[in-house]
Trainee: 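Handing you this structure, nothing more for now.
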There are 4 protein chains.
Amino acid sequence: MECDELDIDKIADKAEVFVTALPHGISKEVIPKLIEKGKRIVDHSGDFRYKSVEVYEKWYNTTHGMPHLLDLSVYGLPELHREEIKNAQIVGNPGCYPTCSILGLAPLIKNRLVDTKNIIIDAASGVSGAGRKTDLPYQFCECTENFKAYNVSTHRHTSEIEQELSLLAGEELTVSFTPHLVPMKRGMLATIYANLNCEKSTSELIELYKEYYKNEYFVRILDEGKLPETKFVAGSNFIDIGLVVDKRLNRVIVLSAIDNLGKGAAGQAVQDLNIMFGLPEHRGLENSGLYL
Amino acid sequence: MECDELDIDKIADKAEVFVTALPHGISKEVIPKLIEKGKRIVDHSGDFRYKSVEVYEKWYNTTHGMPHLLDLSVYGLPELHREEIKNAQIVGNPGCYPTCSILGLAPLIKNRLVDTKNIIIDAASGVSGAGRKTDLPYQFCECTENFKAYNVSTHRHTSEIEQELSLLAGEELTVSFTPHLVPMKRGMLATIYANLNCEKSTSELIELYKEYYKNEYFVRILDEGKLPETKFVAGSNFIDIGLVVDKRLNRVIVLSAIDNLGKGAAGQAVQDLNIMFGLPEHRGLENSGLYL
Amino acid sequence: MECDELDIDKIADKAEVFVTALPHGISKEVIPKLIEKGKRIVDHSGDFRYKSVEVYEKWYNTTHGMPHLLDLSVYGLPELHREEIKNAQIVGNPGCYPTCSILGLAPLIKNRLVDTKNIIIDAASGVSGAGRKTDLPYQFCECTENFKAYNVSTHRHTSEIEQELSLLAGEELTVSFTPHLVPMKRGMLATIYANLNCEKSTSELIELYKEYYKNEYFVRILDEGKLPETKFVAGSNFIDIGLVVDKRLNRVIVLSAIDNLGKGAAGQAVQDLNIMFGLPEHRGLENSGLYL
Amino acid sequence: MECDELDIDKIADKAEVFVTALPHGISKEVIPKLIEKGKRIVDHSGDFRYKSVEVYEKWYNTTHGMPHLLDLSVYGLPELHREEIKNAQIVGNPGCYPTCSILGLAPLIKNRLVDTKNIIIDAASGVSGAGRKTDLPYQFCECTENFKAYNVSTHRHTSEIEQELSLLAGEELTVSFTPHLVPMKRGMLATIYANLNCEKSTSELIELYKEYYKNEYFVRILDEGKLPETKFVAGSNFIDIGLVVDKRLNRVIVLSAIDNLGKGAAGQAVQDLNIMFGLPEHRGLENSGLYL
């Protein structure tokens, strides 16, 4: 496969939609021009995931170069925004951690079953989550046989999670979010803690999740006693969700797993494209995962 | 090295102290006889970690075979029980997760700085934490390139953590504890969440931790901005602790790392032996860790 | 997916062909009955890979339970035996090491370019090559961060390689074959040494390989300066072959890589099935490999 | 630990011996000055491993900057050159592959038991063998779950192996040497093939190896039926050697394993230092290896 110099005029005629995967802030040289030409965009950076320029600028510590385009953009999480995605001109493809966290919490938040002041999201990702960087911390000998947290309390994805959960809750809420690095290539698991504000058993909540996601092809709610593992979703666009209610503490622990490169990135972009063009939502995403 | 058939009479004369590493419940054929002969014991199972037979029997779902010996036993965490260990006849060597979790929380609990109703311990261990089992889930192809939680809300170590933290708090407290399996051999990291009941900065809490552990050779409190990684303690008896205060939420996140086979098992047993026999506490434990 | 008790009569009506993957020697309870019913078989064990019962019995150290069926069987390496496979009643699906080794050597042997007395095949496989065994040597902590040889000079696949290379050479030849275990799931690489009996450059031999395999969809001959890596073929049915002539020694080093579960097992079985039923040979095998 | 700017005058007074670990060619700014001041050197680069400037310049494709110092230097493999090392002014610490390969072959070559025209050394190393480079090929996601050969027929260590084996043989000999990259941190295994020029059984050769190395603390010859694994030597200065005679082919396969950072680098440097200063040879090298 060959790469060419970027020439907007030259490429613009070739397609109706463009998938951009530039670092945040960089695509302001590209996307506005494509929008002017009436093209549609699915963007992988953080630039089009926010409703509020202020939130973006605070967490990304930079100026947003195209704030006027935010009105044209939709947060590309199909399970929450499918209708808006259909006709969106710009889709901001969600981050991997937000996808995993928001879908794990949505049924609880939407149904107002938990205390919104004590939500803890403890998550872990394979090394491909860092991109294809050659920095020392991603060198084989530094990563393998190691486990660590990073960006504790400051990771940008926190703001993305809070935006979407607040929308669902109908109130502003905040969460603790802590990412970790696992010595594996692909895969992401979120372990989510929330205090129940009512009495619910594990099986009752599982039923509620199954109902909530009953029309969602890519969301698999596991039966009681089963827990997600990243290897069951690696290579796929699925998200596996399991949960356990700790009766002693009246607290629910939700586990959700995705492939950070699948449902957490390129897979979800394809899902969005399918929705934007009226194609079957799983077109090109039939793989059931690698396992081995 | 050769193994012999176990003959209590034959071995009893050979030493003053015996280190036992049988599964819980099994050593009741061995330890009472050694105690009768006036021997001292450092035991690796869960049998001698509890003050309350009831708690043990509930979490281990079995009958305790030697409840009369619990009065002779001490919980072998030197940083909390050094004086008792000195003359203990039986030392119950702590579990790996409890060692990592309790030492990470002790300064906060002892100083009554956190809400004791919302303590979350999210931890992860290398595969050697499961022992040298040949069960399918510990096979190479099942473990590598995978990350998962297990025993969610039911892991036995929860009760051990709660016993010791309750002692420190002067009140009964409960915690959420969730273990995860990391595709690496050695190493354990606990990510601990607690709501502050006062205003404290990251640097203030780090100072408080440094003060609390100022005489502890094996506890290393990291400076602000540094976080523990399992590779920094692998092969050693050290525990590395770092922390971050999330001002937005007035919540502290404590990270603590040990080698589950070192400070989490055999290393701590040696530390206990040194204390029991008046030897320098780090005798035989000078290794600084492997890193690579 | 559910498994049923094996009932030959019940399953026989359901298909024209059966894929068997029982350990060698075991399928004698199954295959003869299916053959009687006129069914075709693709078998994964060593039972139907040999022309000579004696060679099989010597290397497998057992009696062959169905020697009369060997006349109905074909060695299922499509690149060498495509025509026979088309109408074969039994196809003995080749071993992973033989597939990798034979295809790496075939152009040299067929063209009589190397000394047949000094062929060395040094090969390495991921852990899935051992099957899904729960033996201690395949436990995570035993495999990871380790590299070793096994079955040195006694591995059964040696005899399979020798059978096929002797056929190509038109003379009996023997080889050294040494397998190694790599801490990875999938993938197999053979490093093959042979003394040239003439003067040939790297590029000349690459051309000769390209010509030899010009009609083979699943054989990719790499250009000069490129070498195969297992990650380029993992998840695929491709075999990548590269080579280097060491002018100093007039020796050629051939590198060939496959996915031991793809071209080395199930993938090749599908390729055989396609040939047996006149389907496009790459039906169901279009995956280009995972890489990441 | 802090690093200072290099100031030869300032450091020269601080020690009698200096251990240098600069890339080849670079230390010509440092070592000559230290030699002038009468200091002794243990150098880790390739600069002082060669008797012949021509061989060095051909394989390293550069000019040797200090050829006049080669007369003062000794190849620092204690098992072959202990007496010379004692009083050497410069010790060229051997490469990891040469250490593993030469010690694996020395008894066969010295005793003239093998055909010197067909020696094949197929070796594999953990990723730390590449140093702490941040190049893309050493990134976690590129290395893990992969196996490949590199520098086929052109690796510089070939010339080092040939120099030492030729000295032992009393004739110029050449070898095939092929390195591979294993997804692990530490460890190196050489699989060596040589045609016997006489009849010898596995046990006879093992006896001969045990006799040859009977005074060598760091060389462990394994009993018949045992094969070295890298995990048995990781973290140590030992080399484990096993062998198998393939009676069918009258060929011997020797397996030798070291820790590439131990006996293959820093460990051997310490061993050399001990010899240079009349200390017990295993001072500081008592670790028996990590295994786990």
Side-chain angles (χ1 to χ4, degrees), chain A residues 115 117-126 137 141-154 158 174-178 180-189 191 193 195 202 227-232 234 242-249 251-255 257 290-292, chain B residues 115 117-126 137 141-154 158 174-178 180-189 191 193 195 202 227-232 234 242-249 251-255 257 290-292:
Chain A
D115 165 19
K117 300 272 176 281
N118 277 292
I119 295 171
I120 310 280
I121 302 167
D122 193 285
S125 172
C141 293
E142 304 294 314
C143 286
T144 196
E145 296 289 310
N146 194 34
F147 186 69
K148 66 170 181 179
Y150 63 97
N151 289 2
V152 176
S153 88
T154 60
T158 311
T174 52
V175 302
S176 275
F177 170 69
T178 311
H180 297 74
L181 190 65
V182 183
M184 62 183 185
K185 286 196 283 193
R186 289 167 174 246
M188 172 166 286
L189 185 84
T191 303
Y193 303 84
N195 295 335
T202 299
L227 295 174
E229 308 188 16
T230 62
K231 71 185 171 198
F232 295 130
L243 63 83
V244 175
V245 172
D246 190 338
K247 281 283 183 191
R248 290 196 320 138
L249 312 173
R251 187 172 290 152
V252 60
I253 299 102
V254 182
L255 291 308
L290 315 174
Y291 186 76
L292 187 72
Chain B
D115 165 19
K117 300 273 176 285
N118 276 294
I119 295 171
I120 310 279
I121 302 167
D122 193 284
S125 172
C141 292
E142 304 293 315
C143 286
T144 197
E145 294 289 310
N146 194 33
F147 186 69
K148 65 170 180 178
Y150 62 98
N151 289 2
V152 175
S153 88
T154 61
T158 312
T174 52
V175 302
S176 275
F177 170 69
T178 311
H180 296 75
L181 190 65
V182 183
M184 63 182 183
K185 286 197 283 194
R186 291 167 172 245
M188 172 166 285
L189 185 84
T191 304
Y193 302 84
N195 295 334
T202 298
L227 295 174
E229 307 189 16
T230 63
K231 70 184 171 198
F232 294 131
L243 63 84
V244 175
V245 172
D246 189 338
K247 281 283 182 191
R248 290 196 320 140
L249 312 173
R251 187 172 289 152
V252 60
I253 299 102
V254 183
L255 291 308
L290 314 174
Y291 186 76
L292 187 71

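Because only heavy atoms are used, hydrogens play no part in the values below, and waters and symmetry mates are left out as well, while side chains stay in.
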Trainee: Closest heavy-atom contact between E145(A) and M184(B)?
Mentor: OE2-CA, 3.4 Å
Trainee: Which distance, rounded to the nearest 0.5 Å, do you find between the CZ of R251(A) and the OG of S153(B)?
Mentor: 11.0 Å
Trainee: Among the options E229(A), M188(A), K185(A), pick out the one with the most heavy-atom pairs lying under 4.5 Å from chain B.
Mentor: E229(A)
Trainee: Return the minimal non-hydrogen interatomic distance between K231(A) and N146(B), and the atom names on each side.
Mentor: N-OD1, 2.8 Å
Trainee: Below 4.5 Å, heavy-atom pairs only: which of T144(A), V175(A), L255(A), T178(A) has the largest tally toward chain B?
Mentor: T178(A)
Trainee: Go through the atoms of P228(A) and report whether side chain, backbone, both or neither lie under 4.5 Å from a heavy atom of chain B.
Mentor: backbone
Trainee: Does any backbone or side-chain atom of S125(A) lie under 4.5 Å from a heavy atom of chain B? Answer side chain, backbone, both or neither.
Mentor: neither
Trainee: Measure R186(A) against the heavy atoms of chain B and call it side chain, backbone, both or neither at under 4.5 Å.
Mentor: backbone
Trainee: Nearest heavy-atom pair of L227(A) and A149(B): which atoms, and what distance?
Mentor: CD1-O, 3.7 Å
Trainee: About how many Å separate CD1 of I121(B) and OH of Y193(A), when rounded to the nearest 0.5 Å?
Mentor: 9.0 Å
Trainee: Of all of I253(A), I120(A), D122(A), D246(A), which one pairs up most often with chain B through heavy atoms under 4.5 Å apart?
Mentor: D122(A)
Trainee: Contact part of V182(A) toward chain B, heavy-atom cut-off under 4.5 Å: side chain, backbone, both or neither?
Mentor: side chain
Trainee: V245(A), T154(A), L189(A): which one forms the most heavy-atom pairs within less than 4.5 Å of chain B?
Mentor: L189(A)
Trainee: Please give me the minimum heavy-atom distance between L249(A) and S176(B), naming the atom from each residue.
Mentor: CD1-OG, 3.3 Å
Trainee: With a 4.5 angstrom heavy-atom cut-off, is it the side chain or the backbone of K117(A) that approaches chain B, or both, or neither?
Mentor: backbone
Trainee: Out of V152(B), L181(B), N118(B), which one racks up the most heavy-atom pairs below 4.5 Å with chain A?
Mentor: N118(B)
Trainee: So which of G242(B), G187(B), P183(B) has the largest heavy-atom pair count under 4.5 angstrom toward chain A?
Mentor: P183(B)
Trainee: Using heavy-atom distances under 4.5 Å, tell me whether L243(A) contacts chain B through its side chain, its backbone, both, or neither.
Mentor: neither
Trainee: What is the distance from atom NE2 of H180(B) to atom OG1 of T191(A), rounded to the nearest 0.5 Å?
Mentor: 2.5 Å
